[in-house]
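So the structure is just underneath, and the comments pick up after that.
Labels below follow one simple rule: chain letters A, B, ... track the order of the sequence lines, proteins then strands, and each chain is numbered from 1.
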Amino acid sequence: MELNIILPDGRELAVPEGKTAGEILKEFAPKYLKNAVAVRLNDEVLDLNRPLHTGGKLSVLTFDDPEGREIFWHSSAHLMAQAVKELFPDAKLAIGPPIKEGFYYDIDMDRTLTPEDLREIEARMQQLVKEALEIIREDLPINEAVRLFKEMGEDYKIEILSEIEDDSVSVYRQGDFADLCRGPHLPNTRAIKYPKLLSIAGAYWRGDEHNKMLQRIYGTAFPKKSLLEEYLNRLEEAKRRDHRKLGKELDLFSINEAVGPGLILWHPKGAFIRNAVETFWREAHFKAGYDLLYTPHIARLDLWRTSGHLDFYRESMFSPMQIDEVEYQLKPMNCPFHIQIYKSQLRSYRNLPLRWAELGTVYRYERSGVLHGLMRVRGFTQDDAHIFCRPDQIESEIVSVLDFTLFFLRTFGFEKFNIYLSTQPEKFVGTQESWEIATEALRRALEKKGVAYQVDPGEGVFYGPKIDIKIQDVLNREWQCTTIQVDFNLPERFNVNYIGEDGQSHRTIMIHRALLGSLERFFGILIEHYGGAFPMWLAPVQAAVLPITERHHEYAAGVAQALTNAGVRVFTDDRNEKVGYKIREAETQKIPYMIIIGDKEVEQDKISYRKRHKGDQGQIDLKDFIVMIAEEIAAKKITD
RNA sequence: GCCCACGUAGCUCAGUCGGUAGAGCACAUCCUUGGUAAGGAUGAGGUCACCGGUUCAAAUCCGGUCGUGGGCUCCA
């Protein structure tokens, strides 16, 4: 039988059934074969080595396609597994999927792997690449596959097989190695030119902490050296920007063992930045029709019983404390307090919406292993708000929250966002109808804003649907900041109502939202995003005045005073050091402007200034300089 | 919480085979008054995370605790 194939260049031809896509391309369109990792036949992604049994439109997938990369890394995972099995025949393989920037393989073996082992495995991989092993797919009846993996002692594969319901499965072989796999895969190991193993970590079998802990090897691989180098450079850059490192170097914050893990000490410069963020945040909220609240850090345990947190959030809360026979709880959330304020009087539909915001500090028990710098802590301040509104106001409220949060995030220099709409999960409270109304309102709000979003089906919280916004920083890493959640649970539990037009009591809709998320985490994100070089409006020190010798101290003091009077935050470095030394220090401290004062400046009554990262900018009148930077500050300009 | 690694001066890190600690930077004093990323000299700084064990002797070996890092799980 012949198959009708449309080649990537559009030509049509008939080929005998059973030819592989690789063979067809090699014969009729060899230039497409060069970087191909797999092909797409109509909508199906197939191995280049797989015999074709249907005709259709053939296109080529390369490393440049997301799907192509997945295949490439999946094959890389197999290659690593092969190397591991050759070096450690007793190792049992679990799973080895491709991930965002590479792959991992979970392995069960008695010996704990060392970094030296990694180097050896990597070297073995390079060897296998050179051997250019063909990767062959084989379809087996499931019982034969079970026999095969039993022979190989691959217990985990047998467990996986026991859950597969199809009659047959596919096995991929390269050399003496075989792995259970749906595929598709590269045609040959030689394509994996630049493999790189990165780290070893523990991981539970199937991600369940009741299961055995396996050893996970993370790695990546690229077809071109330049791509590997680029990737490694990006890792280096991420290390340079690490907020924990910069936090220390720039004296922004610390975490102290004597104080406790996950608890942040904001040093003067960090506190200054936080204050700048908070001031901006408060003013923006007033303008956007919010009122501000302050609420206590503890409350009677009963409040948390009513809210339900004691049931569904207990493992994240610190233990209660006993005060005068009554138990009190450190707050993990602000909502119950805001609800009590709402309930302090009867509310009319005319008063809604009420938008109440609080920079509320909450404490949550996080397992020790998950703490991470500013990103994951035990005490943090949410830029929280609760909007109490009528059902018909949900949509317009969400639209304004979306506008508001994008305004915030853009002000801080974030331009790329990934937006997710999470819908009803399996376990939920509230009525089906209210879920539909709320989810639709969120959806319409997103559509109205015209922003691209992704639906995460079933990923909503049990108490309502939500919109999450993740930002992408300069290194294209994703960070969760904004969350907007509709809540059917708390209004029910606390009996939160308003009196409608009809004189009847109606259930109030409650929307939780945090825009920056937590001030701690957002600070961490900012440090990494800016690499410690804060824009003028946030920089704790905006300009360093650097006199060259003692003769210039008096003039420098005048300059500093004039700047201070203009509201500029200045540091005068009148130490007994050479100007090069002072510049170096100001640069490493990432101070945006340096003002150098020497004989020339004193004589001509000017200043010389220097921009961080950019060097000498020449002479200028002090008043012109002040106008220039005042503009930069007022515009919250993001410079370098 | 679990797996693995780590914890030495304010910071970054050496410290061999067990014989009670060292560098650079920072800091202090002095010399130097120097024009765009480190001038020189001298000095002060350490219960080697903590607790216990082995040993004549522990930063070093063993056990435990605390903390940190990379992950797993979870999340602002």
Inter-nucleotide [atom1] distance ([N], [M]), Å rounded:
N	M	atom1	result
G67(B)	A76(B)	C1'	24 Å
G53(B)	A21(B)	C1'	24 Å
A23(B)	G18(B)	P	24 Å
A59(B)	G46(B)	C1'	11 Å
C56(B)	U73(B)	P	50 Å
C13(B)	C75(B)	P	34 Å
C62(B)	G1(B)	P	23 Å
G64(B)	C4(B)	P	11 Å

Base, sugar-phosphate, or nothing: which does [X] touch, judged by heavy atoms less than 4.0 Å apart?
X	result
Val377(A)	base
Gly369(A)	base
Tyr104(A)	nothing
Glu315(A)	nothing
Gly373(A)	sugar-phosphate

Per-nt protein contacts along nucleotides 33-40 of chain B (heavy atom under 4.0 Å; B base, S backbone sugar-phosphate only, - none) come out as BBBBBBB-

Counting primed atoms, P, OP1 and OP2 as sugar-phosphate and everything else as base, the B/S/- map of nucleotides 3-15 of chain B against protein heavy atoms under 4.0 Å is BS------SS---

**Message:** Going by the rule ring-ring contact (aromatic ring centres under 6.0 Å, His included), which residues pair with His78(A) if we only count those two or more places apart in sequence or in a different chain?
**Reply:**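 Expected list: His74(A), His185(A).
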
* ring-ring contact (aromatic ring centres under 6.0 Å, His included) partners for Phe417(A), two or more places apart ->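 Once residues adjacent in sequence are excluded, Phe417(A) has no partner under the ring-ring contact (aromatic ring centres under 6.0 Å, His included) criterion.
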
[N] [atom2] sits how many Å from [X] [atom1], rounded?
X	N	atom1	atom2	value
Leu516(A)	C75(B)	CG	P	21 Å
Phe312(A)	C74(B)	CZ	C1'	16 Å
Arg367(A)	U73(B)	CZ	P	11 Å
Asp251(A)	A26(B)	CG	P	16 Å
Glu249(A)	A26(B)	CD	C1'	13 Å
Leu250(A)	A26(B)	CG	C1'	15 Å
Ile99(A)	G71(B)	CD1	C1'	11 Å
His210(A)	G1(B)	NE2	P	16 Å

Exercise. Which of these, Arg612(A), Lys582(A), Arg610(A), sits in a side chain to side chain donor-acceptor pair (under 3.5 Å) with Glu587(A)?
Worked result: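 Output: one option passes, namely Arg610(A).
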
Residue pairs, two or more places apart or on separate chains, that pass salt bridge (charged side-chain N to carboxylate O under 4.0 Å, His left out) and touch residues 514-529 of chain A
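Checked against salt bridge (charged side-chain N to carboxylate O under 4.0 Å, His left out) - neighbours excluded - the pairs reaching residues 514-529 of chain A are Arg274(A)-Glu520(A), Arg477(A)-Glu528(A).
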
- Query: Which salt bridge (charged side-chain N to carboxylate O under 4.0 Å, His left out) pairs, counting each pair once, include a residue from residues 104-116 of chain A, with sequence neighbours left out?
  - Reply: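 Found Asp106(A)-Arg216(A), Asp108(A)-Lys212(A), Arg111(A)-Asp117(A), Glu116(A)-Arg119(A).
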
Dot-bracket assigned to RNA chain B with the 3.5 Å Watson-Crick/G-U criterion, [ ] for crossing and | for other-strand pairs, is (((((((..((((.....[..)))).(((((.......))))).....(((((..]....))))))))))))....

Would G24(B) be called syn or anti, given that syn covers angles within 90° of 0?
->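 You should classify G24(B) as anti.
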
### Message
Using modelled atom types and a 3.5 Å cut-off, is there a donor and acceptor pairing between side-chain atoms of Trp73(A) and backbone atoms of Ala221(A)?
### Response
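The answer is yes, because a donor-acceptor pair under 3.5 Å joins these two groups.
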
Note to self: For Ile527(A), is there any backbone N or O sitting under 3.5 Å from a side-chain donor or acceptor partner on Arg241(A)?
What the structure shows: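 No; zero donor-acceptor contacts below 3.5 Å.
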
Return a table of donor-acceptor pairs under 3.5 angstrom between the side chains of residues 613-622 of chain A and protein atoms on other chains or two or more places apart.
from	atom 1	to	atom 2	distance (Å)
Asp616(A)	OD1	Gly618(A)	N	3.0
Gln617(A)	NE2	Gly615(A)	O	3.0
Gln619(A)	NE2	Glu601(A)	OE2	3.1

Atom CG of Leu526(A) and atom NE2 of His243(A): how far apart are they, to the nearest 0.5 Å?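 It comes to 11.5 Å.
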
Of all of residues 410-429 of chain A, which get a heavy atom below 4.0 angstrom from RNA chain B, listed by number?
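Those residues: none at all.
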
Q | Pro261(A) or Tyr204(A), whichever maps to the more 5' nucleotide of RNA chain B | A |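 The answer here is Tyr204(A).
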
- Task: Using heavy atoms to find the nearest nucleotide of RNA chain B for Lys466(A) and Asp208(A) separately, return the residue whose nucleotide is more 5′.
- Result: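 The residue closer to the strand's 5' end, by nearest nucleotide, is Asp208(A).
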
Distance-only criterion, 3.5 Å: show the donor-acceptor pairs between side-chain atoms of residues 457-466 of chain A and protein atoms not counting sequence neighbours.
from	atom 1	to	atom 2	distance (Å)
Tyr463(A)	OH	Gln485(A)	OE1	2.5
Lys466(A)	NZ	Asp468(A)	OD2	3.0

Exercise for review: Compare the ring of Phe380(A) with the six-membered ring in the base of A76(B) and state whether they stack (centres under 5.5 Å, planes under 30°).
Suggested key: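 It does: the two rings, one from Phe380(A) and one from A76(B), meet the stacking criterion.
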
- Message: Of the options G70(B), C72(B), C74(B), whose atoms approach the side-chain atoms of Arg244(A) most closely?
- Response: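 Comparing G70(B), C72(B), C74(B) against the side chain of Arg244(A), the answer is G70(B).
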
Side chain of Gln480(A), heavy atoms from C-beta onward: which of G71(B), U73(B), A76(B) has the nearest atom to it?
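Taking heavy atoms from C-beta onward, the closest nucleotide is A76(B).
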
Which residue pairs pass the side-chain hydrogen bond (donor to acceptor under 3.5 Å, both in side chains) test when at least one of the two sits in residues 253-265 of chain A, sequence neighbours left out?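 Checked against side-chain hydrogen bond (donor to acceptor under 3.5 Å, both in side chains) - neighbours excluded - the pairs reaching residues 253-265 of chain A are Ser254(A)-His267(A).
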
| request: Could you walk me through whether Lys590(A) and Leu246(A) pass the side-chain contact (heavy atoms from CB on, under 4.5 Å) test, one step at a time? | output: CA-CA 10 Å; Lys590(A) 303 181 195 290; Leu246(A) 288 171; 4.0 Å; yes

Margin query: Ring centroids only, cut at 6.0 angstrom: are Phe523(A) and Trp266(A) within range, meaning strictly under it?
Written below: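 Yes, they do, as the ring centres are separated by less than 6.0 Å.
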
* To do: Give a yes or no on whether a salt bridge exists between Arg367(A) and Glu209(A), defined as a side-chain N under 4.0 angstrom from a carboxylate O.
  =>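 Answer for the salt bridge query: yes.
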
For this session: Would you mind checking if Arg240(A) and Glu237(A) are paired as a salt bridge, meaning a charged N to carboxylate O distance below 4.0 Å?
Result: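 The answer is yes: the pair qualifies as a salt bridge.
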
With a cut-off of 3.5 Å and sequence neighbours excluded, list every side-chain donor-acceptor pair involving residues 592-599 of chain A.
from	atom 1	to	atom 2	distance (Å)
Tyr593(A)	OH	Glu632(A)	OE1	2.5
Asp599(A)	OD1	Arg551(A)	NE	3.2
Asp599(A)	OD1	Arg551(A)	NH2	3.3
Asp599(A)	OD1	His552(A)	NE2	2.6
Asp599(A)	OD2	Arg551(A)	NH2	3.0

Original post:
Ignoring hydrogens and angles, does a donor from either the side chain of Tyr365(A) or the base of G1(B) sit under 3.5 Å from an acceptor on the other?
Top reply: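 Result: no qualifying N/O pair found.
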
